[in-house]
Amino acid sequence: MQQNTTAAPPAPAAAATPAPPAQPPPRRRRGRTAGAAAALALGAALFAVGAVVLTPDGAAPAGPQAPAAAPGSLGGLQARVTRLPKDAGGWAALGMAYVQQGRTTADPGTYARAEQALRTSLAVQRADNTDAEIGMGALAAARHDFPTALDWALKATAGDPYSATAHGVLADAYTQSGRYDEAEAAVQTMTDLRPDAASLARASYAYELRGDTAGARDLMRRSLTAAATPGESAFARTVLASLALQDGDGRGALAEAQSGLRAAPRDPALLEARARAHEALGEPDPALADYQAAAAVAPLPHLLLGLGELHQALGHPQEAEAQYTLLRAQDRIRATGTTPADTDAILFEADHGNPERAVTLAEEALRTRPFIAVQDAFAWALHRAGRDTEALEQADRALSLGTRNALYHYHRAAIHDALGHPRQARDDLAAALRQPGFHPLHAPAARALLQRIDTTG
(Lines give C-alpha, C1' and ligand atoms only; values in the text may rest on other atoms or scores of the structure.)
Protein backbone atom coordinates (compact mmCIF):
# COMPACT_ATOMS: atom_id res chain seq x y z
CA MET A 1 0.00 0.00 0.00
CA GLN A 2 2.57 3.90 -1.03
CA GLN A 3 0.94 4.96 0.82
CA ASN A 4 -0.03 7.46 3.79
CA THR A 5 -3.81 6.97 3.59
CA THR A 6 -6.40 7.56 6.27
CA ALA A 7 -9.59 5.64 6.81
CA ALA A 8 -12.16 5.44 9.51
CA PRO A 9 -11.75 3.00 12.39
CA PRO A 10 -12.96 -0.55 11.97
CA ALA A 11 -16.51 -1.44 12.84
CA PRO A 12 -18.44 -4.71 12.64
CA ALA A 13 -19.38 -5.62 9.10
CA ALA A 14 -22.86 -4.57 8.12
CA ALA A 15 -23.66 -7.79 6.30
CA ALA A 16 -26.07 -10.11 8.05
CA THR A 17 -23.81 -13.09 7.44
CA PRO A 18 -20.10 -12.34 8.02
CA ALA A 19 -17.71 -13.28 5.28
CA PRO A 20 -15.63 -16.36 6.06
CA PRO A 21 -12.20 -15.70 7.56
CA ALA A 22 -9.53 -14.96 5.00
CA GLN A 23 -6.62 -17.36 4.95
CA PRO A 24 -3.08 -15.95 4.89
CA PRO A 25 -1.32 -16.37 1.55
CA PRO A 26 0.33 -19.78 1.13
CA ARG A 27 4.03 -19.76 1.88
CA ARG A 28 4.84 -20.91 -1.67
CA ARG A 29 3.99 -17.40 -2.89
CA ARG A 30 7.17 -16.15 -1.24
CA GLY A 31 9.25 -16.72 -4.35
CA ARG A 32 6.97 -15.04 -6.92
CA THR A 33 8.06 -11.87 -8.69
CA ALA A 34 5.82 -9.07 -9.94
CA GLY A 35 5.30 -5.40 -8.98
CA ALA A 36 3.07 -3.54 -6.46
CA ALA A 37 2.54 -0.23 -4.72
CA ALA A 38 3.11 -1.12 -1.07
CA ALA A 39 0.32 0.38 0.98
CA LEU A 40 2.49 1.22 3.91
CA ALA A 41 -0.16 3.11 5.70
CA LEU A 42 -2.70 0.31 5.84
CA GLY A 43 -2.25 -0.33 9.52
CA ALA A 44 -2.28 3.32 10.44
CA ALA A 45 -5.43 3.84 8.48
CA LEU A 46 -7.28 1.13 10.32
CA PHE A 47 -6.15 1.60 13.92
CA ALA A 48 -9.12 2.33 16.17
CA VAL A 49 -9.95 2.99 19.78
CA GLY A 50 -13.38 4.47 19.23
CA ALA A 51 -12.17 7.74 17.71
CA VAL A 52 -13.04 9.09 14.29
CA VAL A 53 -10.50 9.95 11.61
CA LEU A 54 -9.91 13.68 11.53
CA THR A 55 -9.00 16.19 8.86
CA PRO A 56 -6.82 19.16 9.84
CA ASP A 57 -9.84 21.11 11.05
CA GLY A 58 -11.01 18.25 13.25
CA ALA A 59 -14.07 17.32 11.19
CA ALA A 60 -14.98 13.97 9.71
CA PRO A 61 -13.34 13.77 6.27
CA ALA A 62 -16.11 12.21 4.20
CA GLY A 63 -19.83 12.68 3.92
CA PRO A 64 -21.73 15.37 5.82
CA GLN A 65 -19.67 17.44 8.24
CA ALA A 66 -19.94 16.31 11.85
CA PRO A 67 -20.96 18.93 14.41
CA ALA A 68 -17.96 20.55 16.07
CA ALA A 69 -18.76 18.98 19.44
CA ALA A 70 -20.12 15.66 18.17
CA PRO A 71 -19.23 12.84 20.60
CA GLY A 72 -16.70 11.27 18.23
CA SER A 73 -15.15 14.52 17.01
CA LEU A 74 -11.96 15.98 18.41
CA GLY A 75 -13.93 18.75 20.08
CA GLY A 76 -16.39 16.25 21.50
CA LEU A 77 -13.61 14.09 22.93
CA GLN A 78 -11.88 17.11 24.45
CA ALA A 79 -15.16 18.14 26.07
CA ARG A 80 -15.65 14.60 27.35
CA VAL A 81 -12.32 14.42 29.20
CA THR A 82 -12.81 17.94 30.56
CA ARG A 83 -16.13 16.87 31.99
CA LEU A 84 -14.89 13.42 33.07
CA PRO A 85 -11.15 13.69 33.84
CA LYS A 86 -11.06 10.17 35.31
CA ASP A 87 -12.52 8.59 32.17
CA ALA A 88 -9.70 6.34 30.96
CA GLY A 89 -11.59 5.38 27.81
CA GLY A 90 -12.18 9.02 26.93
CA TRP A 91 -8.49 9.85 27.27
CA ALA A 92 -7.56 6.82 25.14
CA ALA A 93 -10.03 7.83 22.42
CA LEU A 94 -8.70 11.40 22.47
CA GLY A 95 -5.14 10.13 22.18
CA MET A 96 -6.05 7.96 19.21
CA ALA A 97 -7.81 10.89 17.55
CA TYR A 98 -4.64 12.94 17.88
CA VAL A 99 -2.58 10.10 16.38
CA GLN A 100 -4.86 10.00 13.37
CA GLN A 101 -4.87 13.77 13.05
CA GLY A 102 -1.06 13.80 13.16
CA ARG A 103 -0.92 11.40 10.25
CA THR A 104 -3.22 13.68 8.27
CA THR A 105 -1.53 16.98 9.05
CA ALA A 106 2.13 15.83 9.17
CA ASP A 107 2.41 17.85 12.40
CA PRO A 108 4.69 16.03 14.87
CA GLY A 109 3.45 18.28 17.69
CA THR A 110 0.12 16.50 17.47
CA TYR A 111 1.86 13.29 18.49
CA ALA A 112 3.01 14.93 21.72
CA ARG A 113 -0.63 15.72 22.54
CA ALA A 114 -1.53 12.13 21.66
CA GLU A 115 1.09 10.75 24.03
CA GLN A 116 -0.05 13.04 26.83
CA ALA A 117 -3.65 11.88 26.44
CA LEU A 118 -2.73 8.21 26.25
CA ARG A 119 -0.41 8.37 29.24
CA THR A 120 -3.16 10.15 31.18
CA SER A 121 -5.45 7.24 30.33
CA LEU A 122 -2.84 4.79 31.62
CA ALA A 123 -2.35 6.84 34.79
CA VAL A 124 -6.09 6.81 35.44
CA GLN A 125 -6.33 3.07 34.72
CA ARG A 126 -3.04 1.22 34.54
CA ALA A 127 -4.42 -2.33 34.47
CA ASP A 128 -6.75 -3.76 31.82
CA ASN A 129 -6.51 -0.64 29.66
CA THR A 130 -6.30 -2.25 26.24
CA ASP A 131 -7.57 0.85 24.45
CA ALA A 132 -4.67 2.96 25.71
CA GLU A 133 -2.17 0.19 24.94
CA ILE A 134 -3.51 -0.01 21.38
CA GLY A 135 -3.24 3.76 21.15
CA MET A 136 0.37 3.71 22.36
CA GLY A 137 1.14 1.07 19.75
CA ALA A 138 -0.45 3.22 17.05
CA LEU A 139 1.48 6.26 18.26
CA ALA A 140 4.80 4.42 18.21
CA ALA A 141 4.07 3.19 14.69
CA ALA A 142 3.22 6.73 13.59
CA ARG A 143 6.64 7.78 14.87
CA HIS A 144 8.22 4.81 13.03
CA ASP A 145 9.32 3.30 16.32
CA PHE A 146 8.23 -0.21 15.44
CA PRO A 147 10.02 -2.08 18.26
CA THR A 148 8.03 0.02 20.74
CA ALA A 149 4.87 -0.45 18.67
CA LEU A 150 5.41 -4.20 18.86
CA ASP A 151 5.91 -4.08 22.64
CA TRP A 152 2.62 -2.23 23.14
CA ALA A 153 0.79 -4.52 20.72
CA LEU A 154 2.01 -7.59 22.59
CA LYS A 155 0.81 -6.03 25.86
CA ALA A 156 -2.58 -5.31 24.33
CA THR A 157 -3.05 -8.81 22.93
CA ALA A 158 -1.87 -10.39 26.18
CA GLY A 159 -4.30 -8.28 28.18
CA ASP A 160 -7.21 -8.90 25.81
CA PRO A 161 -6.55 -11.82 23.45
CA TYR A 162 -10.06 -11.41 22.02
CA SER A 163 -9.50 -7.82 20.83
CA ALA A 164 -9.45 -7.89 17.05
CA THR A 165 -8.11 -4.34 16.96
CA ALA A 166 -5.17 -5.28 19.19
CA HIS A 167 -4.27 -8.11 16.83
CA GLY A 168 -4.47 -5.64 13.95
CA VAL A 169 -1.93 -3.38 15.65
CA LEU A 170 0.22 -6.45 16.26
CA ALA A 171 0.00 -7.41 12.59
CA ASP A 172 1.06 -3.93 11.52
CA ALA A 173 4.03 -3.91 13.89
CA TYR A 174 5.17 -7.34 12.72
CA THR A 175 4.80 -6.30 9.06
CA GLN A 176 6.90 -3.17 9.41
CA SER A 177 9.45 -5.16 11.42
CA GLY A 178 9.89 -7.56 8.50
CA ARG A 179 8.34 -10.49 10.38
CA TYR A 180 5.87 -11.39 7.67
CA ASP A 181 4.85 -14.89 8.76
CA GLU A 182 4.01 -13.63 12.25
CA ALA A 183 2.13 -10.72 10.70
CA GLU A 184 0.01 -13.14 8.68
CA ALA A 185 -0.76 -15.19 11.79
CA ALA A 186 -1.90 -12.02 13.57
CA VAL A 187 -4.07 -11.07 10.59
CA GLN A 188 -5.61 -14.55 10.62
CA THR A 189 -6.44 -14.19 14.32
CA MET A 190 -7.93 -10.75 13.73
CA THR A 191 -10.06 -12.06 10.87
CA ASP A 192 -11.21 -15.05 12.91
CA LEU A 193 -12.27 -12.75 15.72
CA ARG A 194 -14.00 -10.15 13.56
CA PRO A 195 -14.19 -10.54 9.76
CA ASP A 196 -14.96 -6.87 9.14
CA ALA A 197 -13.61 -4.20 6.79
CA ALA A 198 -10.42 -3.66 8.80
CA SER A 199 -9.42 -7.32 9.08
CA LEU A 200 -10.25 -8.04 5.43
CA ALA A 201 -8.17 -5.03 4.38
CA ARG A 202 -5.18 -6.36 6.31
CA ALA A 203 -5.66 -9.80 4.77
CA SER A 204 -5.72 -8.12 1.37
CA TYR A 205 -2.41 -6.42 2.14
CA ALA A 206 -0.84 -9.74 3.11
CA TYR A 207 -1.67 -11.03 -0.37
CA GLU A 208 -0.49 -7.82 -2.02
CA LEU A 209 2.89 -7.99 -0.30
CA ARG A 210 3.41 -11.42 -1.86
CA GLY A 211 2.42 -10.27 -5.33
CA ASP A 212 -1.03 -11.88 -5.50
CA THR A 213 -3.02 -8.90 -6.74
CA ALA A 214 -6.00 -11.05 -7.72
CA GLY A 215 -6.32 -12.39 -4.17
CA ALA A 216 -5.71 -8.94 -2.74
CA ARG A 217 -8.40 -7.45 -4.97
CA ASP A 218 -10.96 -10.09 -3.96
CA LEU A 219 -10.38 -9.47 -0.27
CA MET A 220 -10.44 -5.69 -0.69
CA ARG A 221 -13.77 -5.88 -2.50
CA ARG A 222 -15.10 -7.85 0.45
CA SER A 223 -13.70 -5.15 2.70
CA LEU A 224 -15.53 -2.55 0.63
CA THR A 225 -18.77 -4.52 0.97
CA ALA A 226 -18.25 -4.74 4.74
CA ALA A 227 -17.37 -1.05 5.08
CA ALA A 228 -19.48 0.58 7.78
CA THR A 229 -18.21 4.15 7.41
CA PRO A 230 -17.39 6.53 4.55
CA GLY A 231 -13.73 6.42 5.55
CA GLU A 232 -13.55 2.63 5.26
CA SER A 233 -15.16 2.83 1.82
CA ALA A 234 -12.70 5.53 0.72
CA PHE A 235 -9.76 3.45 1.91
CA ALA A 236 -10.99 0.39 0.02
CA ARG A 237 -11.45 2.37 -3.19
CA THR A 238 -7.95 3.80 -2.83
CA VAL A 239 -6.42 0.35 -2.51
CA LEU A 240 -8.50 -1.04 -5.38
CA ALA A 241 -7.22 1.78 -7.58
CA SER A 242 -3.64 0.96 -6.56
CA LEU A 243 -4.14 -2.73 -7.30
CA ALA A 244 -5.53 -1.89 -10.74
CA LEU A 245 -2.44 0.21 -11.47
CA GLN A 246 -0.21 -2.67 -10.45
CA ASP A 247 -1.90 -4.75 -13.14
CA GLY A 248 -1.44 -2.00 -15.73
CA ASP A 249 -5.14 -1.10 -15.76
CA GLY A 250 -5.14 2.69 -15.74
CA ARG A 251 -8.80 2.95 -16.73
CA GLY A 252 -9.81 0.60 -13.95
CA ALA A 253 -7.76 2.59 -11.46
CA LEU A 254 -9.40 5.82 -12.62
CA ALA A 255 -12.87 4.30 -12.25
CA GLU A 256 -12.14 3.13 -8.69
CA ALA A 257 -10.79 6.53 -7.68
CA GLN A 258 -13.71 8.34 -9.30
CA SER A 259 -16.19 6.11 -7.45
CA GLY A 260 -14.53 6.91 -4.15
CA LEU A 261 -14.32 10.64 -4.82
CA ARG A 262 -18.03 10.90 -5.53
CA ALA A 263 -18.59 10.10 -1.86
CA ALA A 264 -15.44 11.76 -0.46
CA PRO A 265 -14.38 14.54 -2.87
CA ARG A 266 -11.63 15.93 -0.63
CA ASP A 267 -10.03 12.65 0.43
CA PRO A 268 -6.29 13.17 -0.24
CA ALA A 269 -5.52 9.48 -0.77
CA LEU A 270 -8.25 9.16 -3.38
CA LEU A 271 -7.07 12.35 -5.07
CA GLU A 272 -3.56 10.90 -5.21
CA ALA A 273 -4.93 7.63 -6.57
CA ARG A 274 -6.73 9.51 -9.34
CA ALA A 275 -3.57 11.52 -10.06
CA ARG A 276 -1.57 8.32 -10.44
CA ALA A 277 -4.26 6.87 -12.72
CA HIS A 278 -4.07 9.97 -14.91
CA GLU A 279 -0.27 9.62 -15.01
CA ALA A 280 -0.63 6.00 -16.13
CA LEU A 281 -2.99 7.14 -18.90
CA GLY A 282 -0.61 9.88 -20.08
CA GLU A 283 -2.81 12.73 -18.81
CA PRO A 284 -0.44 15.03 -16.90
CA ASP A 285 -2.70 18.09 -16.52
CA PRO A 286 -5.47 16.40 -14.52
CA ALA A 287 -2.81 14.48 -12.59
CA LEU A 288 -1.20 17.78 -11.61
CA ALA A 289 -4.54 19.23 -10.52
CA ASP A 290 -5.28 16.20 -8.35
CA TYR A 291 -1.84 16.23 -6.73
CA GLN A 292 -2.24 19.92 -5.96
CA ALA A 293 -5.66 19.33 -4.42
CA ALA A 294 -4.38 16.41 -2.34
CA ALA A 295 -1.37 18.33 -1.02
CA ALA A 296 -3.60 21.30 -0.17
CA VAL A 297 -5.72 19.06 2.06
CA ALA A 298 -2.81 17.12 3.61
CA PRO A 299 0.76 18.32 2.97
CA LEU A 300 2.24 14.89 3.56
CA PRO A 301 5.75 14.14 2.28
CA HIS A 302 4.73 11.58 -0.34
CA LEU A 303 2.18 14.00 -1.80
CA LEU A 304 4.67 16.88 -1.90
CA LEU A 305 7.25 14.60 -3.52
CA GLY A 306 4.76 13.32 -6.09
CA LEU A 307 3.69 16.85 -6.93
CA GLY A 308 7.25 18.15 -7.12
CA GLU A 309 8.47 15.36 -9.37
CA LEU A 310 5.50 15.75 -11.68
CA HIS A 311 6.25 19.48 -11.96
CA GLN A 312 9.88 18.61 -12.69
CA ALA A 313 8.88 16.13 -15.39
CA LEU A 314 6.66 18.77 -16.99
CA GLY A 315 9.47 21.31 -17.09
CA HIS A 316 8.30 23.50 -14.20
CA PRO A 317 11.53 23.90 -12.18
CA GLN A 318 10.34 26.71 -9.92
CA GLU A 319 7.13 24.89 -8.98
CA ALA A 320 9.08 21.68 -8.36
CA GLU A 321 11.60 23.48 -6.17
CA ALA A 322 8.78 25.00 -4.12
CA GLN A 323 7.62 21.49 -3.15
CA TYR A 324 11.18 20.35 -2.50
CA THR A 325 11.72 23.33 -0.21
CA LEU A 326 8.71 22.26 1.84
CA LEU A 327 10.05 18.71 2.00
CA ARG A 328 13.41 19.92 3.27
CA ALA A 329 11.69 22.02 5.93
CA GLN A 330 9.62 19.04 7.05
CA ASP A 331 12.72 16.88 7.26
CA ARG A 332 14.54 19.48 9.36
CA ILE A 333 11.65 19.39 11.82
CA ARG A 334 11.74 15.58 11.85
CA ALA A 335 15.49 15.58 12.46
CA THR A 336 15.06 17.60 15.67
CA GLY A 337 13.34 14.59 17.24
CA THR A 338 13.97 10.87 17.32
CA THR A 339 11.74 9.77 14.43
CA PRO A 340 13.76 8.06 11.67
CA ALA A 341 13.27 9.15 8.09
CA ASP A 342 10.47 7.64 6.05
CA THR A 343 11.12 6.14 2.63
CA ASP A 344 9.91 9.32 0.90
CA ALA A 345 12.61 11.35 2.65
CA ILE A 346 15.27 8.78 1.75
CA LEU A 347 14.28 8.65 -1.91
CA PHE A 348 14.01 12.43 -2.06
CA GLU A 349 17.51 12.82 -0.65
CA ALA A 350 18.87 10.19 -3.03
CA ASP A 351 17.36 11.81 -6.13
CA HIS A 352 17.35 15.50 -5.24
CA GLY A 353 19.91 15.93 -2.48
CA ASN A 354 22.96 14.13 -1.14
CA PRO A 355 23.02 10.37 -1.89
CA GLU A 356 25.51 9.70 0.91
CA ARG A 357 23.14 11.35 3.39
CA ALA A 358 20.34 9.22 1.92
CA VAL A 359 22.42 6.12 2.72
CA THR A 360 22.82 7.29 6.31
CA LEU A 361 19.08 7.99 6.64
CA ALA A 362 18.27 4.53 5.24
CA GLU A 363 20.70 2.79 7.59
CA GLU A 364 19.08 4.54 10.56
CA ALA A 365 15.57 3.62 9.40
CA LEU A 366 16.49 0.01 8.72
CA ARG A 367 17.64 -0.56 12.29
CA THR A 368 14.07 -0.38 13.58
CA ARG A 369 12.13 -1.00 10.38
CA PRO A 370 13.55 -3.83 8.24
CA PHE A 371 10.57 -3.61 5.90
CA ILE A 372 10.75 -4.08 2.12
CA ALA A 373 10.01 -0.40 1.39
CA VAL A 374 13.01 0.67 3.48
CA GLN A 375 15.18 -2.00 1.86
CA ASP A 376 14.22 -0.65 -1.56
CA ALA A 377 14.96 2.95 -0.53
CA PHE A 378 18.30 1.81 0.91
CA ALA A 379 19.10 0.02 -2.35
CA TRP A 380 18.39 3.15 -4.37
CA ALA A 381 20.41 5.37 -2.04
CA LEU A 382 23.37 2.98 -2.31
CA HIS A 383 23.05 2.96 -6.11
CA ARG A 384 22.95 6.74 -6.29
CA ALA A 385 26.04 6.79 -4.07
CA GLY A 386 27.85 4.44 -6.47
CA ARG A 387 27.76 1.37 -4.21
CA ASP A 388 25.98 -1.01 -6.57
CA THR A 389 27.13 -4.37 -5.21
CA GLU A 390 25.68 -3.49 -1.80
CA ALA A 391 22.64 -1.98 -3.52
CA LEU A 392 21.80 -5.21 -5.34
CA GLU A 393 21.70 -7.15 -2.07
CA GLN A 394 19.13 -4.70 -0.66
CA ALA A 395 17.12 -4.61 -3.89
CA ASP A 396 16.87 -8.40 -3.87
CA ARG A 397 15.59 -8.27 -0.31
CA ALA A 398 13.01 -5.65 -1.23
CA LEU A 399 11.61 -7.95 -3.93
CA SER A 400 12.05 -11.23 -2.06
CA LEU A 401 8.36 -11.58 -1.18
CA GLY A 402 7.27 -11.24 -4.81
CA THR A 403 5.83 -7.77 -4.37
CA ARG A 404 4.62 -6.27 -7.64
CA ASN A 405 6.04 -2.79 -7.22
CA ALA A 406 7.09 -1.12 -10.46
CA LEU A 407 9.43 1.34 -8.75
CA TYR A 408 11.25 -1.44 -6.90
CA HIS A 409 11.78 -3.27 -10.19
CA TYR A 410 13.05 -0.13 -11.89
CA HIS A 411 15.48 0.49 -9.05
CA ARG A 412 16.86 -3.04 -9.33
CA ALA A 413 17.02 -2.75 -13.12
CA ALA A 414 19.19 0.37 -12.86
CA ILE A 415 21.43 -1.41 -10.36
CA HIS A 416 21.77 -4.47 -12.61
CA ASP A 417 22.60 -2.20 -15.54
CA ALA A 418 25.30 -0.43 -13.53
CA LEU A 419 26.78 -3.84 -12.65
CA GLY A 420 26.78 -4.98 -16.28
CA HIS A 421 23.85 -7.41 -16.04
CA PRO A 422 21.75 -6.52 -19.12
CA ARG A 423 19.53 -9.62 -19.08
CA GLN A 424 18.51 -9.16 -15.45
CA ALA A 425 18.05 -5.43 -16.02
CA ARG A 426 15.78 -6.12 -18.97
CA ASP A 427 13.62 -8.52 -16.94
CA ASP A 428 13.13 -5.94 -14.22
CA LEU A 429 12.40 -3.18 -16.73
CA ALA A 430 9.73 -5.33 -18.34
CA ALA A 431 8.16 -5.88 -14.92
CA ALA A 432 8.28 -2.16 -14.12
CA LEU A 433 6.81 -1.07 -17.44
CA ARG A 434 3.79 -3.33 -17.03
CA GLN A 435 2.59 -0.30 -15.03
CA PRO A 436 2.72 2.61 -17.50
CA GLY A 437 3.57 5.97 -16.00
CA PHE A 438 4.60 4.43 -12.67
CA HIS A 439 6.74 7.49 -11.92
CA PRO A 440 6.95 10.86 -13.72
CA LEU A 441 10.77 10.80 -13.86
CA HIS A 442 11.71 7.15 -13.63
CA ALA A 443 9.17 5.70 -16.09
CA PRO A 444 10.69 7.64 -19.02
CA ALA A 445 14.14 6.65 -17.77
CA ALA A 446 13.05 3.01 -17.70
CA ARG A 447 11.83 3.17 -21.30
CA ALA A 448 15.09 4.82 -22.41
CA LEU A 449 17.17 2.21 -20.58
CA LEU A 450 15.20 -0.65 -22.10
CA GLN A 451 15.66 0.82 -25.58
CA ARG A 452 19.38 1.17 -25.02
CA ILE A 453 19.71 -2.42 -23.80
CA ASP A 454 17.71 -3.72 -26.77
CA THR A 455 19.73 -1.61 -29.21
CA THR A 456 23.13 -2.64 -27.89
CA GLY A 457 22.14 -6.27 -27.46
Side-chain angles (χ1 to χ4, degrees), residues 1-3 29-40 144-147 174-181 183 208-211 246 301-302 305 331 339-432 435 438-439 441-443 445-446 449:
M1 300 177 201
Q2 257 177 9
Q3 33 310 39
R29 288 194 178 93
R30 187 180 297 276
R32 291 179 57 175
T33 51
L40 302 181
H144 292 179
D145 182 357
F146 293 102
Y174 275 139
T175 298
Q176 298 296 322
S177 299
R179 297 166 63 171
Y180 305 108
D181 290 345
E208 182 183 355
L209 283 174
R210 298 199 184 269
Q246 290 168 41
H302 70 285
L305 183 57
D331 193 60
T339 301
D342 200 353
T343 53
D344 302 300
I346 298 166
L347 294 173
F348 171 69
E349 192 67 29
D351 283 328
H352 307 286
N354 183 337
E356 290 292 349
R357 180 171 183 266
V359 169
T360 299
L361 293 175
E363 288 172 334
E364 292 171 353
L366 205 59
R367 291 188 193 109
T368 57
R369 189 186 176 196
F371 180 61
I372 59 171
V374 183
Q375 289 161 342
D376 168 72
F378 189 21
W380 189 241
L382 287 164
H383 167 69
R384 296 284 291 172
R387 297 162 59 178
D388 288 298
T389 301
E390 298 166 83
L392 182 58
E393 180 182 353
Q394 295 299 323
D396 285 343
R397 289 178 182 176
L399 286 161
S400 62
L401 293 177
T403 306
R404 301 186 66 186
N405 188 301
L407 189 60
Y408 294 9
H409 278 285
Y410 168 68
H411 286 164
R412 191 168 68 176
I415 294 165
H416 274 305
D417 179 65
L419 290 170
H421 307 157
R423 181 180 59 80
Q424 294 92 329
R426 195 186 193 292
D427 289 345
D428 274 321
L429 289 169
Q435 182 180 324
F438 66 87
H439 188 280
L441 299 175
H442 294 318
L449 178 56

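As the structure is a computational prediction, the values presented were derived from the model and not from experiment. For this chain, numbers begin at 1 and follow the sequence in order.
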Open item on the list: Could you tell me if the side chain of Q375 sits less than 4.5 Å from the side chain of L366, heavy atoms only?
Closed with: yes
TODO: Kindly compute the distance separating CG (D417) from NE2 (H383), expressed to the nearest 0.5 Å.
DONE: 8.0 Å
Open item on the list: Tell me every residue that passes side-chain hydrogen bond (donor to acceptor under 3.5 Å, both in side chains) with Q424, counting only those two or more places apart in sequence or in another chain.
Closed with: none
TODO: Please state whether the rings of H416 and H421 are parallel, tilted or perpendicular, taking 30° and 60° as the class boundaries.
DONE: tilted
Task: Basic-acidic side-chain contact under 4.0 Å: R369, D342 - done: yes
Task: From L392 atom CG to D388 atom CG, the distance as rounded to the nearest 0.5 Å - done: 8.5 Å
TODO: Start with the C-alpha distance between T175 and L209, add both sets of side-chain angles, then the distance that settles side chain to side chain contact (heavy atoms under 4.5 Å, CB included), and finish with yes or no.
DONE: CA-CA 10 Å; T175 298; L209 283 174; 3.9 Å; yes
TODO: Can you measure from CD (E349) to OG1 (T360) and round to the nearest 0.5 angstrom?
DONE: 9.5 Å
Open item on the list: Looking at every non-hydrogen atom in both residues, tell me the closest pair between Q394 and A379 and how far apart they are.
Closed with: CB-CB, 3.7 Å
Task: L407 and W380, any side-chain heavy atoms less than 4.5 Å apart - done: no
TODO: Find the distance between OH (Y174) and CZ (F146) and round it off to the nearest 0.5 Å.
DONE: 15.0 Å
- [ ] Could I get the full list of side-chain hydrogen bond (donor to acceptor under 3.5 Å, both in side chains) partners for D331, not counting sequence neighbours?
- [x] R334, R357
Task: Residues which pass ring-ring contact (aromatic ring centres under 6.0 Å, His included) with H352, listed by chain and number, not counting sequence neighbours - done: Y324, F348
Task: Least distance between heavy atoms, P355 atom then A385 atom - done: CB-N, 3.8 Å
- [ ] Could you tell me which non-hydrogen atom of A358 sits nearest to which non-hydrogen atom of A350, and how far apart they are?
- [x] CB-N, 3.6 Å
- [ ] Can you measure from CG (D428) to CZ (R423) and round to the nearest 0.5 angstrom?
- [x] 10.5 Å
Task: Heavy-atom closest contact (A365 atom, V374 atom, distance) - done: CB-CG1, 3.9 Å
Open item on the list: Could you check whether any side-chain heavy atom of R384 comes within less than 4.5 Å of a side-chain heavy atom of D351, counting everything from C-beta outward?
Closed with: yes
- [ ] Applying salt bridge (Lys or Arg N to Asp or Glu O under 4.0 Å), name anything that partners D376, two or more places apart in sequence or on another chain.
- [x] none
Open item on the list: Return the CD to CZ distance between Q246 and F438, rounded to the nearest 0.5 Å.
Closed with: 13.5 Å
Open item on the list: Checking I372 against R397 for the side chain to side chain contact (heavy atoms under 4.5 Å, CB included) test, could you report, in this order, the C-alpha distance in whole Å, the side-chain angles of both residues, the deciding distance, and whether it holds?
Closed with: CA-CA 7 Å; I372 59 171; R397 289 178 182 176; over 6 Å; no
TODO: Please name all residues satisfying ring-ring contact (aromatic ring centres under 6.0 Å, His included) with F378, sequence neighbours left out, ordered by chain then number.
DONE: none
Task: Salt bridge present between R367 and D145 (N-O < 4.0 angstrom) - done: no
- [ ] Check step by step if side chain to side chain contact (heavy atoms under 4.5 Å, CB included) holds for L361 and E364.
- [x] CA-CA 5 Å; L361 293 175; E364 292 171 353; 4.1 Å; yes
Task: Distance-minimising heavy-atom pair for T403 and A398 - done: OG1-O, 4.5 Å
TODO: Grab the two heavy atoms, one from L399 and one from Y408, that are nearest each other, plus how far apart they are.
DONE: CD2-CB, 3.8 Å
TODO: Sequence neighbours left out, what passes salt bridge (Lys or Arg N to Asp or Glu O under 4.0 Å) with E390? Give chain and number order.
DONE: R387
